[in-house]
Amino acid sequence: MNTPGRVIYVGSIPYDQTEEQVLDIFRSVGPVANFRLVFDKDTGKSKGYGFVEYHDADTAASAVRNLNNYTIGNRNIRVDFSHETSIGPNVFTSRPKDPNAPAAGAGVSVNLSSLNLPPGITLPPGVSAAESITNTLSQCPRETMLQVVTELQTLVVNSPQLAIDLFRACPQLSYALVQSCLALGLVDPMSISAVVLRESPEDSNDGAGDEAQKAIIRQVLSLTTEQIQALPEQQRMAIDQLREKVRSGQLASI
DNA sequence: GTTGAGCGTT
């Protein structure tokens with residue numbers, strides 16, 4: 001283990017991974033301040049390692065804890081603190097050379113199975129999933145609930161596609177999130193029903209769940225806006241990034 | 001083709 005700082009080293013990245021794909025994974029931990037995938041100067045090909053700088057050491061430590069041995073393609077990436085404390089001046093400069101290449105984060109699909117999601121539980125006879133979620137949440141300390149909601153908020157802001165995949169794979173999580181927001185008084189019941197009722201059948205082009213998940217995302221985003229002044233600096237920055245994406249049309253479908 | 005460990009293309 002190296003000296004903790006804001007910069008981490010990432011090794012064993014498959015050669016075919018783009019900067020965007022790697023970035024998307026590291027943004028799932030928190031806003032990324034700077035990033036560099038190292039390319040061979042002569043061949044222009046990835047050397048299979050790179051560096052990620054976060055805004056604070058805690059987020060960097062979280063990346064080291066949670067993303068070391070994360071599986072990309074057929075390899076497990078190596079994540080540790082970097083020897084150096086800064087990442088250099090090339091802030092997000094090495095964009096794909098192809099002008100038709102996808103924009104940042106677009107079309108990138110992170111493998112959910114790599115996240116090692118918990119397997120879930122068997123419900124007692126006669127207990128619905130909704131009831132079970134309510135029971136679980138009623139025993140959850142307010143502080144913990146707020147923390148989870150905040151982390152989901154960060155995920156939605158930094159990795160919208162991963163968030164959509166996650167909510168699709170775990171619809172219970174959407175339910176728990178909405179109920180948590182209500183329990184915490186972060187959003188009033190009227191705006192929940194307003195979002196849900198807005199969804200008419202003809203809006204659902206590829207399955208009813210799709211629009212419902214988007215509705216959840218929109219709800220989280222509106223929550224984000226309402227709470228913006230109470231947020232820590234790094235999350236306000238992330239929201240600014242999100243607004244820029246919406247403005248430029250990258251997130252029009254959300 | 002040369003590609004699997006590696007701590008940074010000015």
Side-chain angles (χ1 to χ4, degrees), chain A residues 1-117 151 154-155 157-162 165 232-235 237-238 240-242 244-245 248 250:
Chain A
M1 178 88 73
N2 293 297
T3 311
R6 299 197 311 271
V7 181
I8 60 172
Y9 165 85
V10 186
S12 281
I13 303 168
Y15 294 127
D16 59 0
Q17 291 291 306
T18 68
E19 292 181 302
E20 309 301 338
Q21 289 172 306
V22 178
L23 252 178
D24 212 47
I25 291 160
F26 283 88
R27 286 205 265 242
S28 70
V29 173
V32 170
N34 202 348
F35 171 74
R36 174 183 288 165
L37 186 61
V38 176
F39 290 95
D40 186 283
K41 197 192 315 185
D42 301 318
T43 69
K45 290 187 171 180
S46 164
K47 294 176 93 165
Y49 66 91
F51 301 87
V52 181
E53 181 175 356
Y54 289 99
H55 291 288
D56 58 85
D58 285 344
T59 309
S62 172
V64 172
R65 272 186 278 109
N66 294 306
L67 292 177
N68 189 34
N69 290 319
Y70 181 94
T71 303
I72 309 180
N74 58 343
R75 304 191 71 81
N76 295 335
I77 60 173
R78 195 159 92 63
V79 180
D80 199 356
F81 294 103
S82 169
H83 297 345
E84 305 294 330
T85 53
S86 88
I87 209 165
N90 289 343
V91 183
F92 296 109
T93 51
S94 36
R95 307 266 68 141
K97 293 86 201 157
D98 179 0
N100 295 321
V108 175
S109 181
V110 174
N111 186 2
L112 269 185
S113 62
S114 300
L115 294 181
N116 296 319
L117 295 169
E151 284 177 17
T154 301
L155 177 70
V157 168
N158 289 301
S159 308
Q161 188 57 56
L162 180 57
D165 291 345
E233 171 66 20
Q234 60 169 251
Q235 291 195 13
M237 291 174 56
D240 286 342
Q241 289 173 14
L242 179 70
E244 175 56 27
K245 283 190 180 183
S248 64
Q250 289 178 39

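Model, not experiment: these values are computed from the prediction. Atoms considered below: every heavy atom in the structure, side chains included; atoms not considered: hydrogens, waters and symmetry mates.
Nearest nucleotide to the side chain of A/Arg36, out of B/dC7, B/dA5, B/dG8: B/dG8. Closest to the side chain of A/Lys41, from the set B/dT2, B/dT10, B/dG6, is B/dT10. Picking from B/dC7, B/dT9, B/dG8 the nucleotide with the shortest atom distance to the side chain of A/Asp80 gives B/dC7. For A/Phe39, whose side chain is taken as the heavy atoms from C-beta onward, the closest listed nucleotide among B/dT9, B/dG8, B/dG6 is B/dT9. Comparing B/dT9, B/dT2, B/dG4 by their closest approach to the side chain of A/Lys47 singles out B/dT9.
Straight-line distance from the NZ atom of A/Lys45 to the C1' atom of B/dG8: 20 Å, rounded to whole Å. Here the P atom of nucleotide B/dG1 and the CG atom of A/Asp42 are 14 Å apart, to the nearest Å. In this structure, the NE2 atom of A/His83 is 10 Å from the C1' atom of B/dG6, given to the nearest Å. Counting to the nearest Å, the P atom of B/dG4 and the CG atom of A/Asp16 are 14 Å from each other.
Where A/Tyr9 and A/Arg75 meet DNA chain B, the nucleotide closest to each residue was compared, and A/Arg75 sits on the side nearer the 5' end. Positionally, the nearest nucleotide of DNA chain B for A/Gly48 lies more toward the 5' end than for the other of A/Gly48 and A/Phe51.
Scored by the salt bridge (Lys or Arg N to Asp or Glu O under 4.0 Å) test, A/Arg6 finds A/Glu53 as partners (sequence neighbours excluded).
Inter-residue side-chain proximity for A/Val79 and A/Tyr9 is flagged as unmet; no heavy-atom pair is nearer than 4.5 Å. Using a 4.5 Å heavy-atom threshold, the side chains of A/Val7 and A/Phe81 count as separate.
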Let me check something: any side-chain donor-acceptor pairs from residues 37-52 of chain A under 3.5 Å, sequence neighbours excluded? List them with distances.
residue : atom : partner : partner atom : Å
A/Asp40 : OD1  : A/Asp42 : N            : 2.8
A/Asp40 : OD1  : A/Thr43 : N            : 2.9
A/Thr43 : OG1  : A/Lys45 : N            : 3.2
A/Ser46 : OG   : A/Gly48 : N            : 2.9

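Residue contacts for A/Ile13: at a heavy-atom cut-off of 4.0 Å it reaches a base atom on one of the strands shown.
Within the structure, a side-chain polar atom (N or O) of A/Tyr49 is placed less than 4.0 Å from OP1 or OP2 of B/dT9.
With hydrogens and angles ignored, no donor-acceptor pair closer than 3.5 Å exists between the side chain of A/Tyr15 and the base of B/dG1.
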